[in-house]
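Note sheet for the following structure.
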Amino acid sequence: MAADWLTHRGVKSAKKSVNLSGEFLARFLLALLVIGTPLWIWAARRGETAVTVHALMPEKGGFLPDTLTAAVGVPLELNLISDDVMHGFAVGQTGWPAVDVKPGQMTEVTLTFAEPGTYTYYCTRWCGPNHWRMRGTIEVTGAEEREAPPASPPLYVELELDIDAPHELDILLKTPPSAARGAELDITLPSEFLSRDVYLTQTPFEVWQALRLASETAALTDEDVWDLVAAAWHSQTTDEQIQRGQTLYNQNCAACHGSGGGGDGVFGQAFDQASDFTDSQTMLGASTAVFDGKIRRGGMGTGMPYWGTIFTDEEIDALIAYLWTFQFPMDNE
Amino acid sequence: MKQQRLWLLFIVAIFGVAFAPLPLGTAVPTSRTVRLEASSFEFSPAVVAVNPGDQVTIELAATDVMHGLYLDGYDLEITAEPGQTAVLTFTADKTGTFRFRCSVTCGALHPFMIGKLKVGPNLLLWRSVALSLLAVLFFISREPLFVNREPLSVVRKPNAEYEIRNTEHGIRNTEHP
Amino acid sequence: MKRSDLTRIPVVKALLVNRWPQFILRIVALAGFVVAILAGLLGTPVGSRNLSIVFVWIAWWALLILAAVPLFGRGWCTVCPIPMAGEWLQNGALLGPRKRETGDQRSETSSNLQSLVSSLRLRPWPKRFRNIWLQNGGFLLLALFSAVVLTQPMVTAVILAAFLFLAVGAALIFERRAFCRYLCPVGGFIGLYSQVAPLEVRVRDTAVCAAHTDKTCYTGNENGYGCPWGVFPGGLIKNTYCGACLECLRTCPHDNIAIQIRPVGADLTVARGRKLDEAFKAFIMLGSAVVYSAVMLGPWGWLKTTAYSVGSLAWLGYALAFLLLILGALPGLFYLATWAGTAQRGNRRALRQRFTANAYALVPLGLMAWIAFSLSFVFANISYLWPVMSDPFGWGWDLFGTAALNWTPYLSRVVPALQTLVLVGGLAWAAGTARKIAAEKRGGTAVPVIIYCFFITVGLLWLLIG
């Protein structure tokens, strides 16, 4: 035993110097890893030039930051990342495709603006009842400030319409009016009923009343006249327009108004009650101009968002064309 | 001999319980549609029962944020956004109980958002309960049911044991024979 | 039964005695630990995309409960980086003991660090806390907040950092690895379950230890430190408090330390040294496995939300129910089972001793319950690991080209069958253990305890594969 002990000691003292350098190597390695790793992380982060935009549920802050600046022609690099659930990102009225902003995953986008102005970016994935509040603005400054052409005021302003006025009718249609049946009646409508102006400014009920009084419809039933109205409305829209409108509707409106237009979407109850587009009493007393106004301006406190800074005129037209199909269904479907 | 027979009996029973074919019910397959509402962090209804062979259509409606559904065992997946109901149709050709999970990160508890699809009886559960019962019976059959019995075996004692106490000088050990 | 001694294989012994393999593993683990803390503090708050959550609660947990604990017992403690800083301060050296001061001759390598070390007046751990009640409490406390801890990177980071600070703090006040031995909430259950591991550190011949007056395994020498866990290897009869740190292998001058492969569960039927705190650890672990299976893997959304809404009234109710189940109902019913299975029902002391002894049958049951729970949790979510490896902070990195890989559950068809095998196997194991424990003393039957285990198993089966 004692001999054992002695050998151990002997070996040990001979190794003393080796042991010491081992200790310093160990400390060096430890320092390298424990200090080096954070340093490496820090260094890797330093070169980052892109602006990081965090996306959170609107109740938690929405887009952070929600104001950005850019210059015309200078690419704006954005790193988009969600801190909670799936969000989306798109810039209104540009037609650029929306991108998903995934939880904990960076999405890189580069935006280059050709025109100065104020752009709105918005969330494109439903992220709660307040999803539509999740918006931000990009101020784009030009090389030389050009005088922007004065935007024409929305139709409802031009017409001095009160888009918040109630427009319920006292009528009840048993079957929805059909453009196809209207066409089958083989009646040539006076051209004034087929004008764009009528579609934009008149309510279907007003047109129905006028038609009822016209001599061409004397032999027709009230329902037949409604079919004529449907045909008149149909003549102002195209299938592509309606299809585009449907896509926009499903993405942006169905969560509240319901995919069937019945005002029964999952968030329909979260607000005052989303409008029911299948209800003929309210729909037939409203004009395209009223819808246009409501979509652009929003519901002013009812929970209906304003889309004026987001949708292009064509998109709003397409959307309204689709809304009318809840009253005047497409027969070929 | 008797002991051996008992062992054999148990082994036969284990295999029987584990692998014996069992009737899966005689319900005629139909098609059925289930509307599943997905909210953080719950599917409603959370448990869906169908019969084997049914043509199942799941309408997944997200009611707050985007959710998904991944069906274990069938390895099918759909995602749904509020306002845009997703539809998944499949034939329930595998029997048993399968978990379905949210597949789109929907918040902190997302990994735990789970529901169950029951296709016919959960034979795995019944078989495993029966196996547990067999295991219990096996051990109980070798155990006296009444407590006034002699010890079954002599417990091995460690060769020698030490107790250690911290004292001023370090340690002190006491030997136990 | 025959045990085979791994240290008889020269390569294995050399690898274990040499400090470098262990040290390398520990600093790699420490770097991972530091990155996990940084990720939790600086990275994305989305848990499934943050390294801290995915590495700690999916990868590390899988490794720990599915491999390290059942195969190596305290294997994790061997490489755990948490005590490193504290030990460095205590010892004045990182890798191994330096030249010791003998007599009046001061070491020439004496540094500032060493003078700091010698100025520390380390106290022995207070007597009344020389048990695992603090660890029991610590684990329960973490378990109550588990829905938050497991999902919020920031919380995980703070807890990891707190472990580190507590370990350093404990090392500056108390002797040896006080944190590991008496405070670490993880170490408590690793110790309990290491009793079933097929690996053990023991002495070859206790007579050698008895004759060895220096007891270098406890006091240390120039080859290694005295047992950091405050355990005398010569007295080891169970794995529970042996930290598998390998120091005694280095310090024993008589080559008397063995690392042996042994039958699984060998410590459970050792009658000596059973304690109530360990018995309660068994209830806490078994109960948490049941609660976690219900809360996290069950179909009840309200339960998940309640467990998550820490501080709310509903959560207080949940916490109360959790504690009542684990500290009241489970041990209470088990006490009844013990009472029914003993002849000396009037003798309270004997009854309590039997209760404590019987609880060791719940060790394999609890471990298997945790394995079954973890199987479904881990295989469903391990695919989060690939993107997180490439993008640990959610900053858009792609280190290994795996950042865009999607989540997908693995083996979803096989896992339920595996869980069945694990749970039924655990029940059989527990029942066999219960029989051996009951047979230790006159006048007892394991039947009620076996039935208790049966009901727990059926409950778990229903929760996990029902």
Side-chain angles (χ1 to χ4, degrees), chain A residues 1-13 15-42 44-45 48 50 52 54-56 60 77-87 101-109, chain C residues 19-20 23-24 26-35 37-39 42-50 53 81 84-85 88 92-99 108-109 113 153 208 211-212 214 216 221-223 251-255 384 387-388 391-399 403-404:
Chain A
M1 297 282 177
D4 248 17
W5 183 232
L6 277 175
T7 20
H8 266 271
R9 229 176 232 181
V11 169
K12 207 62 230 168
S13 47
K15 272 190 179 172
K16 199 181 82 182
S17 56
V18 180
N19 217 16
L20 260 182
S21 59
E23 171 69 19
F24 284 114
L25 181 61
R27 288 185 190 181
F28 173 71
L29 283 177
L30 181 93
L32 193 72
L33 273 172
V34 175
I35 302 169
T37 317
L39 272 180
W40 167 67
I41 292 165
W42 174 75
R45 273 290 256 184
E48 196 58 72
T52 301
H54 292 264
L56 291 96
K60 300 274 165 66
E77 285 174 42
L78 297 178
N79 281 340
L80 307 168
I81 186 166
S82 162
D83 287 355
D84 43 33
V85 302
M86 181 74 101
H87 296 282
V101 183
K102 296 172 187 165
Q105 232 179 322
M106 207 69 101
T107 305
E108 290 166 20
V109 292
Chain C
R19 290 184 177 275
W20 281 103
F23 177 76
I24 298 286
R26 289 181 85 187
I27 53 169
V28 168
L30 184 63
F33 201 79
V34 171
V35 174
I37 293 176
L38 288 173
L42 308 173
T44 172
V46 177
S48 54
R49 288 280 172 175
N50 190 304
I53 295 289
M84 276 181 98
W88 189 3
L94 194 55
L95 192 61
R98 301 213 256 165
K99 192 176 186 302
E108 69 237 57
T109 60
L113 194 66
V208 173
H212 181 214
D214 280 6
T216 47
N221 60 12
E222 60 282 313
N223 293 330
T251 50
C252 180
H254 304 298
D255 194 20
Y384 282 130
V388 153
D391 187 11
F393 308 92
W395 287 343
W397 294 8
D398 199 355
L399 298 176

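The sequence lines fix the lettering, A, B, ..., with proteins before strands; numbering per chain opens at 1.
When heavy atoms are compared at a cutoff of 4.5 Å, C/Ala403 approaches chain A solely by way of its backbone atoms N, CA, C and O. A/Thr52 does not touch chain C: none of its heavy atoms, backbone or side chain, sits under 4.5 Å away. Within the 4.5 angstrom heavy-atom criterion, atoms from both the backbone and the side chain of A/Asp83 approach chain C. Within the 4.5 angstrom heavy-atom criterion, atoms from both the backbone and the side chain of A/Leu30 approach chain C. Contacts between C/Phe393 and chain A at a heavy-atom distance below 4.5 Å involve the side chain alone, from C-beta outward. The part of C/Ile24 that comes within reach of chain A is its side chain, from C-beta onward, which places non-hydrogen atoms under 4.5 angstrom from that chain. The contact between C/Leu94 and chain A is made by backbone and side chain atoms together, counting heavy-atom distances below 4.5 Å. Neither the backbone nor the side chain of A/Trp42 comes within less than 4.5 Å of any heavy atom in chain C. Neither the backbone nor the side chain of A/Leu32 comes within contact range of chain C; no heavy atom of the residue lies under 4.5 Å from a heavy atom of that chain.
With rounding to the nearest 0.5 Å, the separation of OG1 in C/Thr44 from CE in A/Met106 is 8.5 Å.
Here the closest heavy-atom approach between residue A/Ala44 and residue C/Trp397 is recorded as CB-CZ2, 3.6 Å. Across A/Gly104 and C/Val46, no two heavy atoms sit closer than the pair N-CG2, 3.6 Å. Contact detail for C/Leu95 and A/Ala26: the closest heavy-atom pair is CB-CB, 4.0 Å. Residues A/Leu29 and C/Ile27 approach most closely at CB-CD1, 3.7 Å, considering heavy atoms. Minimum interatomic distance between C/Ala31 and A/Thr37 (heavy atoms only, all atoms of both residues): CB-OG1, 4.3 Å. Scanning both residues, A/Ile41 and C/Trp395, for their nearest heavy atoms gives CG2-CZ3, 3.6 Å.
A heavy-atom distance below 4.5 Å is not found between the side chains of C/Leu30 and A/Leu33.
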